[in-house]
Amino acid sequence: MAKISRLSGFPELLPSGRVIEQHILDTAREIFELHGFLSLETRAVEPVEQMQRDGEIDKEIYVLRRLQATADEADLGLGLHFDLTVPFARYVLEHAAALEFPLRRYQIQKVWRGERPQEGRFREFTQADIDVVGKDSLAFHHEVEMAVVMSSLLASLPIPRAVIQVNNRKLAEGFYLGVGATDTQRVLRAIDKLDKIGPDRVRVLLETEAGLTPAAAAKCLALAAISTPDATFVDQVRALDVRNDLLDQGLSELSAVVTGANAERPGSVVADLRIARGLDYYTGTVYETQLVGFEAAGSISSGGRYDDLASDAKQSYPGVGISLGVTRLVSILIAKGLVTASRAVPSAVLVAVADEASRAASELVARQLRRRGIACEVAPSADKFGKQIRYADRRAIPYVWFPASAAEGTAGDTVKDIRSGDQVDADAATWQPPLEDLKPKVFATADTSTASKESS
RNA sequence: GUGCUCGUAGUUCAACGGUAGAGCGCAGCCUUGUGGUGGCUGAUGUUGCGGGUUCGAAUCCCGUCGGGCACCCCA
């Protein structure tokens, strides 16, 4: 396990890890904006009752309280938000008059959940959400779009292949109703445990807690076993011989998402009828995402369609969204050694200092480089050049700049590529490093098949 | 919140109840103002914390705090 936290569940990255995280954040912003999503941020704090959409999640909310609160203000009724979707729904309702619909927004913020942390699960973590919210109605094609945008983002990152698994609440609920279930939420929660406890124990749950007949339970398990990379799941579901209008609607929606998304981004999406999602406000398409080869780490991106999350008496704002678990993804990449950063500092150049008397000359070089967008720093002390080179080497700064020195008798400046050892004459007004050296590069570690061995 | 497990140098880990050590890293020197490899030398610990048993505790016991894992739930 990578050592990334001292306070359990509140991760703090080392500089090399932060470079990786920042690359993901930058890429997310770029891809989201490329698809026309505007940026929003909501406050970190929400009224607790606003967030209580799901009974199970209540106990995970961190409550806000002043240290020296008096008795009458002891309970402010405020808590740190545990996701970005619910606060966004609140924001939409509050500012609806000033917003244009359909509203396409992305939101990258920290969220807090009071769970017991373990690998890939934190108490403080960053989510990168996109949502599209309509007024009164929201066109179905946005449910395809969410998968396409997220797939596009994941494909832009130096990470193992990711597959978005899609299911549909209407399909599942319609099917459950069709086999005689009365509490579809119970069935859903039982099915959600398939990965964890296996079909046999799920069958018991279905028959006892959800009250299904053995035949109905068997059909629900058969449904959950269906997974296809295309729309052929429809025939497999039909073969189970369950009739229900909601089911039919779900089938056509899910096949539209799978075929639509895969038409744009082949292989990005699979229909997986086992995907349930715990949150109960989803009403249509639901998404989960696994990193191929690292399925045990859990979903790195999830979301779904919701119709009633942002609604008041007069108006409803149905939406669909998907969220990238940035912190989880980064923790997997670091723990498994899947991604490497070329350097942890922004500097492309270290400007050496011959002696303290000539520091100004080195600062001038740095200014000239910075004026042209070349990140650089000046050596902290006028040590022997060997030490200054080592300073750069330790930080993987690729170039060391030696200003002309009267003491040395050198006529002009030189710059040394400390990886190759090549040292050439250079002019701070014109010298340019290769593009790939300008900024820290984040790239997939070459041999990812052996990387998993370094996981601990 | 429940259960299990682990806490020794910066780090990874040793040490039967009997003097706290090694690798890596770090610092210095060989190296003459240009590093990396190599050689030599050196520094660093309230053994998480508090109590108990014992002639003697890193080691055994109790408590506590912290880490990890599983349950729960989820990005």
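No experiment lies behind these values; they were computed from the predicted model shown. The sequence lines fix the lettering, A, B, ..., with proteins before strands; numbering per chain opens at 1.
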| task | Report the secondary structure of RNA chain B in dot-bracket form, marking unpaired bases with a dot and bases paired to a different strand with |, and treating Watson-Crick or G-U pairs with both distances under 3.5 Å as paired. | result | (((((((..((((....[..)))).(((((.......))))).....(((((..]....))))))))))))....
| query | Expressed in angstrom and rounded to an integer, what is the separation of A:Leu329 atom CG from B:C74 atom C1'? | reply | 16 Å
| With distance as the sole criterion, is a donor-acceptor pair present between the side chains of A:Glu288 and A:Ser299 under 3.5 Å? | no
| Contact under 4.0 Å: A:Arg419 side-chain N or O vs B:G35 OP1/OP2 | no
| request: Could you tell me whether the side chains of A:Tyr399 and A:Gln423 share a donor-acceptor contact shorter than 3.5 Å? | output: no
| message | Can you check the distance between B:G21 and B:G67, where both ends of the measurement are the P atom (answer in whole Å)? | response | 31 Å
| field | Residue A:Asp355, side-chain heavy atoms: nucleotide from B:G33, B:C71, B:A27 that is nearest | value | B:G33
| Base, sugar-phosphate, or nothing: which does A:Val353 touch, judged by heavy atoms less than 4.0 Å apart? | base
| message | In whole Å, measure the gap between the P atoms of B:G68 and B:C60 for me. | response | 23 Å
| said: Less than 4.0 angstrom between a side-chain N/O of A:Lys387 and OP1 or OP2 of B:G36, yes or no? | reply: no
| said: Using whole Å, what does the distance between atom P of nucleotide B:C74 and atom CG of A:Asp129 come to? | reply: 16 Å
| A:Arg123 vs A:Asp393, nearer the 5' end of RNA chain B by closest nucleotide | A:Asp393
| request: Could you verify whether a donor N or O on one side chain and an acceptor N or O on the other, from A:Arg390 and A:Gln388, lie under 3.5 Å apart? | output: no
| note | Applying side-chain contact (heavy atoms from CB on, under 4.5 Å) to A:Pro318 and not counting sequence neighbours gives A:Leu138, A:Arg305, A:Asp307, A:Ser316
| request: Mind checking A:Ser301 for me? I need base, sugar-phosphate or nothing, with any heavy atom below 4.0 Å counting as a touch. | output: sugar-phosphate
| said: Less than 4.0 angstrom between a side-chain N/O of A:Lys416 and OP1 or OP2 of B:G35, yes or no? | reply: no
| note | Rounded to whole Å, CG of A:Asp192 lies from C1' of B:C74 at a distance of 9 Å
| task | Scan A:Ala354 against the nucleic acid and name what it touches under 4.0 Å (heavy atoms): base, sugar-phosphate only, or nothing. | result | base
| said: Within the 4.0 Å heavy-atom criterion, would you say A:Gly421 contacts the bases, only the backbone, or no part of the nucleic acid? | reply: base
| task | Starting at atom NZ of A:Lys193, determine the distance to atom C1' of B:C71, rounded to an integer number of angstrom. | result | 10 Å
| request: For A:Lys110, answer base if it contacts any base atom (sugar-phosphate contacts may also be present), sugar-phosphate if it contacts only those atoms, and nothing otherwise; contact means non-hydrogen atoms under 4.0 Å. | output: nothing
| task | Answer with yes or no whether A:Gln388 presents, from its side chain, a donor or acceptor under 3.5 Å of a partner atom in the base of B:U34. | result | no
| query | Hey, is the side chain of A:Arg113 pairing donor to acceptor with the base of B:C73 inside 3.5 Å? | reply | no
| Nucleotide B:G36, atom P - distance to CG of A:Asp422 in whole Å | 17 Å
| query | So what does A:Phe402 touch, heavy atoms closer than 4.0 Å: a base, only the sugar-phosphate, or nothing? | reply | base
| remark: When rounded to whole Å, the CD to P distance for the pair A:Glu12 and B:G67 reads 12 Å
| Donor-acceptor side-chain pairing of A:Tyr306 and A:Asp131 below 3.5 angstrom | yes
| task | Compare side-chain N and O positions of A:Arg390 against OP1 and OP2 of B:G28 and report whether any pair is under 4.0 Å apart. | result | yes
| said: Do A:Arg123 and A:Phe125 form a cation-pi contact, if we require the NZ or CZ to be under 6.0 Å from the six-membered ring centre and within 45 degrees of the ring's axis? | reply: no
| task | With sequence neighbours excluded, tell me which residues meet ring pair (Phe, Tyr, Trp, His ring centres under 6.0 Å) with A:Tyr317. | result | A:Phe101
| query | Quick one: on RNA chain B, does A:Ile418 or A:Phe125 contact a more 5' nucleotide (nearest heavy atom)? | reply | A:Ile418
| Separation of B:C73 C1' from A:Leu194 CG (nearest whole Å) | 17 Å
| Taking atom P in both B:U47 and B:U8, what distance in whole Å separates the two? | 11 Å
| If you measure from the P atom in B:G17 to the same atom in B:G50, how many Å do you get, rounded? | 23 Å
| request: Carefully, step by step, assess A:Phe37 and A:Tyr106 under the rule ring-ring contact (aromatic ring centres under 6.0 Å, His included). | output: CA-CA 6 Å; A:Phe37 290 83; A:Tyr106 73 91; 7.7 Å; no
| Spacing between A:Lys384 atom NZ and B:C29 atom C1', to the nearest angstrom | 9 Å
| If the C1' atom of B:C72 is compared with that of B:C4, how far apart are they to the nearest Å? | 16 Å
| request: Determine the interatomic distance between P on B:U59 and the same-named atom on B:A14; round to the nearest Å. | output: 16 Å
| Rounded P spacing from B:G48 to B:C13 in Å | 15 Å
| task | Check whether the side chains of A:Asn168 and A:Glu253 place a donor and an acceptor atom closer than 3.5 Å, and report yes or no. | result | yes
| field | Under-4.0 Å salt bridge between A:Asp422 and A:Lys416 | value | no
| field | Rounded C1' spacing from B:C26 to B:G45 in Å | value | 16 Å
| remark: Quick note, A:Gln118 side chain, CB onward, closest among B:A27, B:G35, B:C69 is B:C69
